[in-house]
Amino acid sequence: MKYLGMEFRNYKELENWSREQHISEYRKLAAMFNNSPSMEISSVMSDRANVLVKHFGLTWEQIEKLEIPA
């Protein structure tokens, strides 16, 4: 199976890749928000967090941990 030019063996592999991409994007947004808080970034973070919780099964506690700089 190909998606965005990448080869995946099965749906689970694609879903794991997508989950990691969403998490990475959420961390980037959290860093941007820490540097320069804005309603726009907050809104996008909220949307992304809902996807991580509803689609990928993360808990709200896990989402909060993603906001802490590594």
Side-chain angles (χ1 to χ4, degrees):
M1 160 187 339
K2 273 193 165 186
Y3 180 72
L4 296 176
M6 298 182 66
E7 190 72 35
F8 299 96
R9 289 177 273 164
N10 53 45
Y11 178 76
K12 188 68 174 170
E13 194 174 271
L14 171 61
E15 188 173 44
N16 288 338
W17 175 83
S18 181
R19 178 181 182 267
E20 291 306 315
Q21 295 301 309
H22 276 78
I23 288 171
S24 175
E25 184 67 21
Y26 190 84
R27 284 185 173 142
K28 288 178 192 173
L29 289 166
M32 290 170 58
F33 187 82
N34 285 336
N35 289 333
S36 179
S38 71
M39 291 300 293
E40 293 84 357
I41 295 173
S42 177
S43 176
V44 175
M45 285 179 71
S46 177
D47 292 344
R48 184 73 58 168
N50 281 324
V51 169
L52 288 168
V53 170
K54 292 178 182 176
H55 183 74
F56 294 109
L58 272 70
T59 65
W60 288 107
E61 290 78 21
Q62 289 171 314
I63 298 295
E64 286 180 14
K65 289 179 183 177
L66 294 175
E67 296 173 7
I68 300 170

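Note that the structure is a prediction, hence the values are computed from the model and not measured.
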Please answer: with hydrophobic residues joined when any side-chain heavy atoms are less than 4.5 Å apart, are [X] and [Y] in the same cluster?
X     : Y     : result
Phe56 : Phe8  : no
Val44 : Val53 : yes
Ile68 : Leu66 : no

Please list every donor-acceptor pair under 3.5 Å in which a side-chain atom of residues 20-31 meets a protein atom from a residue at least two apart or in another chain.
unit_1	atom_1	unit_2	atom_2	d
His22	ND1	Ser18	O	2.9
Tyr26	OH	Glu67	OE2	2.5

The test is side chain to side chain contact (heavy atoms under 4.5 Å, CB included); show your working for Gln62 and Leu52 and say whether it passes. CA-CA 10 Å; Gln62 289 171 314; Leu52 288 168; over 6 Å; no

Taking transitive links into account, so neighbours of neighbours count too, which hydrophobic residues share a cluster with Met39 at under 4.5 Å side-chain distance?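 Listed partners: none, Met39 stands alone.
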
Any idea which heavy atoms bring Met1 and Leu14 closest together, and the distance?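 So the two residues come closest at SD-CD2, 3.7 Å.
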
Mind checking salt bridge (Lys or Arg N to Asp or Glu O under 4.0 Å) for Glu13 and listing every partner two or more places apart, or none if nothing turns up?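 Glu13 satisfies salt bridge (Lys or Arg N to Asp or Glu O under 4.0 Å) with Arg9 once adjacent residues are dropped.
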
Are the side chains of Glu15 and His55 in touch, meaning some heavy atoms are under 4.5 Å apart?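 Yes. Closest side-chain heavy atoms under 4.5 Å.
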
Got a second to check how far Lys65's NZ is from Thr59's OG1, nearest 0.5 Å?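 Reported to 0.5 Å precision, the distance equals 7.5 Å.
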
Return the CG to CE distance between Asn50 and Met45, rounded to the nearest 0.5 Å.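 That separation rounds to 12.0 Å.
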
